[in-house]
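Just below is one structure, and these are the notes that go with it.
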Amino acid sequence: ALVGALAAITTLEAGGDTVGIVLGIEIPILLRFEIGFRAGVRWAVDRYNEIHGTNKQLRILHAYTGAFDDPARGKTAAEAMLGQGATVVYQVAGATGLGALEAVESFARAQGKTVGPPFAIGVDSAQDWIHPGFIAVSMVKRVDNGVFEAIKRALDGTFQGGAVTLKLAEGGVAASTIEMVDAFFDEAIELGQKTPEEKAATMAGVRAARAAVPQLAWDLLNELDGLIRSGEYVVPAALDRNTAEYWREGLSTY
């Protein structure tokens, strides 16, 4: 939802009318990603109109590629969305999504740009560094917090078997930050996988992308973050096709 809000405002501020989401296999967890993204887009469009007294709308494109390990499919799907005017494309497709990220940079560079828009949005980890300048933000799964919580419960004697869901308020997910990308490079340098020079060049691109994202997009991402954490806004969830279809219609903007 948070990255959906950022995608929406970035698109509106750029004068665009379309965002896209490229997904892997149509399974319950991916439906949850899709509907959460749509919810964030819809919330942000409504908030934008409230702020500006306008009646803007956005088109939301989605494509299930049927694979998590085929970058070519992801690239083709993203190219189709960019061709239809998408300003921001969110990848939720594992390795398939790497092709979507590549497509966004290639599309932008073909227009002579060195920084977006168009922008991509990464997933699972802080992927901002993969195509610096063209990835606005990433949706991050805070597996580190999940592991820490499990160990903590084991040590204090409160650990129980079964599934535990850590949402935004519990630190289970987050939008990527500059600090996350910076820490990644510091670790990579320590392991001899990256050099300080590579870090400097990449971080310059990451910062340029974030600077090119309108401030209002960051402000509303943070506003929605607070509303979700407080429980004032509840992100709708879909884990089956019928529910997903219901929310696709209900969360569409046009």
Side-chain angles (χ1 to χ4, degrees), residues 1-23 33-63 77-92 100-101 103-105 107-108 110-123 128 131 133-139 168 174-177 206-228 232-233 235-236 247-254:
L2 298 185
V3 299
L6 182 135
I9 301 305
T10 299
T11 299
L12 291 172
E13 292 282 82
D17 65 358
T18 305
V19 297
I21 176 170
V22 175
L23 304 112
F33 270 93
E34 179 203 340
I35 299 308
F37 177 73
R38 286 178 178 274
V41 170
R42 177 60 185 267
W43 177 88
V45 170
D46 289 346
R47 188 74 179 92
Y48 183 92
N49 287 329
E50 179 185 2
I51 292 170
H52 295 288
T54 54
N55 189 32
K56 298 287 187 179
Q57 298 182 68
L58 287 181
R59 175 173 55 160
I60 305 172
L61 304 175
H62 79 276
E79 287 173 340
M81 293 177 179
L82 292 164
Q84 294 179 70
T87 301
V88 181
V89 177
Y90 178 29
Q91 83 92 349
V92 189
L101 303 182
V104 171
E105 177 172 0
F107 189 86
Q111 300 174 39
K113 295 186 175 183
T114 57
V115 65
F119 282 114
I121 294 177
V123 76
D128 312 43
H131 293 277
F134 301 98
I135 299 180
V137 70
S138 298
M139 172 272 162
L168 188 66
S176 64
T177 64
V206 171
R207 290 191 174 90
R210 287 180 169 256
V213 172
Q215 184 57 47
L216 181 60
W218 295 114
D219 291 344
L220 293 192
L221 181 154
N222 290 326
E223 181 179 331
L224 182 56
D225 182 288
L227 292 174
I228 294 171
E232 187 172 342
Y233 180 86
V235 181
W247 284 115
R248 282 170 190 156
E249 182 176 348
L251 296 172
S252 64
T253 64
Y254 81 83

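- Atom CD1 of residue Ile21 and atom CZ of residue Phe37 lie 5.5 Å apart, to the nearest 0.5 angstrom.
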(request) Run the numbers on Asp17 and Thr11 for side chain to side chain contact (heavy atoms under 4.5 Å, CB included), then give the verdict. (result) CA-CA 7 Å; Asp17 65 358; Thr11 299; 5.8 Å; no
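- Interatomic distance, Gln84 CD to Arg59 CZ, rounded to the nearest 0.5 Å: 5.0 Å.
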(request) Let me see the working for Leu168 and Leu2 under side chain to side chain contact (heavy atoms under 4.5 Å, CB included), right down to the final yes or no. (result) CA-CA 10 Å; Leu168 188 66; Leu2 298 185; 4.0 Å; yes
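- Ser252 places a side-chain N or O within donor-acceptor distance of the main-chain N or O of Glu249, the cut-off being under 3.5 Å.
- Here the closest non-hydrogen pair linking Val41 and Gly4 is CG2-O, 3.4 Å.
- Leu216 places a side-chain heavy atom less than 4.5 Å from the side chain of Tyr48.
- Distance check: Ile9 CD1 to Arg47 CZ gives 9.5 Å after rounding to the nearest 0.5 Å.
- Nearest heavy-atom pair across Gln91 and Leu101 is CG-CD2, 3.8 Å.
- Annotation: side chain of Leu61 is in contact with side chain of Thr18 (closest heavy-atom distance under 4.5 Å).
- When side chains are defined from C-beta on, Ile51 counts as touching Leu220, because their heavy atoms get closer than 4.5 Å.
- Separating the CG atom in Leu251 from the CZ atom in Arg42 is a distance of 7.0 Å, to the nearest 0.5 Å.
- Closest of all the heavy-atom pairs between Ala39 and Pro236 is CB-CD, 3.7 Å.
- Minimum interatomic distance between Ala1 and Val235 (heavy atoms only, all atoms of both residues): CB-CG2, 3.9 Å.
- Residues Met139 and Ser176 have side chains not in contact (no heavy-atom distance under 4.5 Å, counting atoms from C-beta outward).
- Closest of all the heavy-atom pairs between Gly16 and Thr87 is CA-OG1, 3.8 Å.
- When all heavy atoms are compared, the tightest approach of Gly20 to Met81 is CA-SD, 3.7 Å.
- When side chains are defined from C-beta on, Phe119 does not count as touching Ile135, because their heavy atoms never get closer than 4.5 Å.
- Around the CD atom of Gln111, the shell of radius 6.0 Å holds more than 12 heavy atoms that belong to other residues, nucleotides or ligands.
- Using a 4.5 Å heavy-atom cutoff, the side chains of Tyr90 and Val92 are in contact.
- Taking CG of Leu23 as the reference point, atom CZ of Phe33 lies at 9.0 Å (rounded to 0.5 Å).
- In this structure, Lys56 places its NZ atom where only 12 or fewer heavy-atom neighbours from other residues, nucleotides or ligands lie under 6.0 Å away.
- Rounding to the nearest 0.5 Å gives a distance of 10.5 Å between CD of Glu223 and CG of Leu221.
- With salt bridges taken as basic N to acidic carboxylate O contacts below 4.0 Å, one links Asp128 and Arg210.
- Between His131 and Val104 the shortest side-chain heavy-atom distance does not fall below 4.5 Å.
- Residues Val213 and Glu13 have side chains not in contact (no heavy-atom distance under 4.5 Å, counting atoms from C-beta outward).
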